[in-house]
Amino acid sequence: MAAVLERPESKPRVEPALPGRLRGFQSGAREIDDAPMRVHGTLPGWLRGRLLLNGPALWELPKGQYEHWFDGLAMLHGIAINGGAGTARYRSRFQHSEDYLRSIALGAPALGAFDTPKHDRWFTRVISPRNTDNGAVVMARIGEDWISMTETPMVTEFDAATLTTIGRVRFEDDLHIDLMAAHGFTDADGNWWNVGIQLGPKSVYRLFRVAAGTRRREPRGEIRVAQAGYLHAFARSERHALVWECALRAQPLSLRFSGKPYIRAFKWDAGGGSMLHAISLDDGSVRSWALPPIFCFHAVQAWEQGDEILVELITYEDASVVDDLRLQPLRNCAPQQVLPQLVRYRLRPGHSDALPELVAAGVELPQVHPARIGAGAATCMWGSGLDPERRATFLDRTVRLDLRSGERRVWQRPNAVQLEPLFVPRPGSAVEDDGVLLVPTLADGDTGGMIGVLDARSLEGLAMLEAPQVIPFGFHAAFEPAAQSF
Ligand SMILES: [Fe+2]
């Protein structure tokens, strides 16, 4: 039997009661300790390991609430899969970040968030500024250590087996960054790479590396700009880190002093356009190309072809998606105003402009085979798709896209939300799409979250894993293979 931990602090005020698939935007998820999952269908025998999900799970507190999907206090979910035995087990824990502990004690959002204002007074913000460490967005490894984070430089370590919070990672350096991409990269040697921004009259993007087993952020390159753009991720080719400047520009004084929600201290500046910068991983040198104004969360990939660099980004023509992903429109099924577009940018030596080419539309949360990152072009990707006719208002399909031919394969459950499809390669196989996709879904009639297990090539459904509760909608996932996890 599942042991449900009825801790007083994990009991939220739940409102409103949402119907059907919209329950994924509702507070109320519990901490559950090692519950068996019903397995429908047949798991591949080779699939053994732990699927990790994080994401916001608690938006309503007794004396205040978060306003944006991205803002809820983070919960970690672990699903231990044993394909040979045909079994799966589920557990969940709130992350005990500083923000979580303070907000639960206060009964209201304590530190501010992506679209929730800061609670503290202005002189506290000036003398002792504090930002959220609510690790609801991305999980990654430094060596064997698991970390989670949002878009601030604060990183929290957790135990992947128990989901227990270990604590804040204390970096042993004096690197100055005020903001940090949620998505870094962990290379084959376990080193973690990421990009941060130091805000000022001129702002500086700083590429850094934390070697496995250390806590030191080693600077590897920097880009000086007049006004930094919103930063969520960057891309990696064989020999470069690719950083894009969104046209949603940071207002440093507002970020530091105003107490506004994080994203409301950025301004859309279409006239300034956007930029793509390539930082050499060999010597830190920087080359830059201009492009029309974009908003962008995620890259598909980047690679090099002769002396050119190609970068594929999921772009938006403006930043209205930020408003579309607030809780109220999501809970009211309001349609997204602007669909994402997959654009391939060609960065040519001797040219000041990037050359764009539209590849596809309506796909977000992209995935490629992890071994292709920094190792040449991937030829297929997977993502979560939106209805191009706008009949459905949220991510409702799983898409495999051939990046050469444009061929699209789709897996879709009726009346369901379908989130990021995490690609898990078959161990020992070098074929780019030899593996499975693990897809969190929730359909109107489901009693709990359903994880789809799909053949990554055909998109045939192989199995469904039924969780003992609704798993609130998160963004990204990670997989720890059995050799490390069991
Ligand atoms: Fe992301």
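One-based numbering along the sequence shown. Ligands are counted one by one from 1 in listed order, and the atoms in each one are counted from 1 as well.
- Counting only residues at least two apart or in different chains, salt bridge (Lys or Arg N to Asp or Glu O under 4.0 Å) contacts with residues 222-232 comprise R206-E222, E222-R224.
- Using a 30° and 60° split on the angle between ring planes, H232 and H476 fall in the tilted class, from 30° to 60°.
- Here 4 is the count of protein N, O or S atoms positioned under 2.8 Å from the Fe ion (ligand 1), waters not counted.
- Between F475 and F70, the ring-plane angle classifies as perpendicular under the 30° and 60° cut-offs.
- Using bins of under 30°, 30° to 60° and over 60° for the plane-to-plane angle, the ring pair F297/F295 lands in the perpendicular bin.
- Remark: aromatic rings of F234 and F185 are close, center separation under 6.0 Å.
- Residue E238 qualifies as enclosed at atom CD: its count of foreign heavy atoms under 6.0 Å is above 12.
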